[in-house]
Amino acid sequence: MPDAPDQFVTTEELARFAECRLAWWYDRTHPLAHANGAELARRIELLGAVYGPGARDLPEYQLLTHLRERAGEIPIAKLK
């Protein structure tokens, strides 16, 4: 009989996985998943400065925006 898993997956985690698989994975593995809104905004602005208007199409940009929204932060204005 196989060993029991060390961690169970909750229904809340399954719902997050269904909503956005990348955000769910980041929650489990990436330190930015638990960063505060200011840090997330700084990263988003940095992507905008480096990539310009095309930054909005980057998966990392979309993920960071999703994490800010989930944290209750107001999304930043559109890139110019």
Side-chain angles (χ1 to χ4, degrees):
M1 185 163 165
D3 293 333
D6 291 337
Q7 180 178 357
F8 292 97
V9 177
T10 64
T11 54
E12 184 179 308
E13 280 188 281
L14 288 174
R16 282 197 311 260
F17 178 80
E19 181 182 341
C20 180
R21 292 176 184 157
L22 187 56
W24 175 84
W25 181 80
Y26 259 54
D27 267 351
R28 296 177 66 101
T29 62
H30 202 281
L32 277 181
H34 304 287
N36 63 29
E39 175 64 16
L40 296 172
R42 188 184 71 73
R43 294 285 195 137
I44 289 170
E45 290 171 5
L46 180 63
L47 285 174
V50 172
Y51 295 100
R56 292 177 133 299
D57 297 328
L58 297 172
E60 184 178 0
Y61 182 96
Q62 295 169 8
L63 173 72
L64 292 169
T65 301
H66 176 77
L67 290 172
R68 276 195 79 201
E69 290 172 354
R70 188 181 71 183
E73 296 284 324
I74 299 171
I76 61 172
K78 283 185 165 183
L79 293 175
K80 294 179 179 159

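When a residue number appears, it is its place in the shown sequence, counting from 1. Values reported hereafter were calculated over all heavy atoms of this structure, with side chains retained and with hydrogens, waters and symmetry mates removed.
- Separating the CZ atom in R43 from the OG1 atom in T65 is a distance of 13.5 Å, to the nearest 0.5 Å.
- Considering every non-hydrogen atom in both H66 and C20, the closest pair reads NE2-CB, 4.3 Å.
- From I44, atom CD1 reaches atom CG of L63 across 9.0 Å, with rounding to the nearest 0.5 Å.
- Using a cut-off of 4.0 Å between Lys/Arg side-chain N and Asp/Glu carboxylate O, R16 and E19 are scored as not salt-bridged.
- Here the CG-OH distance, from L46 to Y51, works out to 9.0 Å after rounding to the nearest 0.5 Å.
- Residue L47 holds its CG atom at 4.5 Å from CD of E60, rounded to the nearest 0.5 Å.
- The salt bridge (charged side-chain N to carboxylate O under 4.0 Å, His left out) search around E13 returns R28, not counting sequence neighbours.
- Distance check: E45 CD to L64 CG gives 11.5 Å after rounding to the nearest 0.5 Å.
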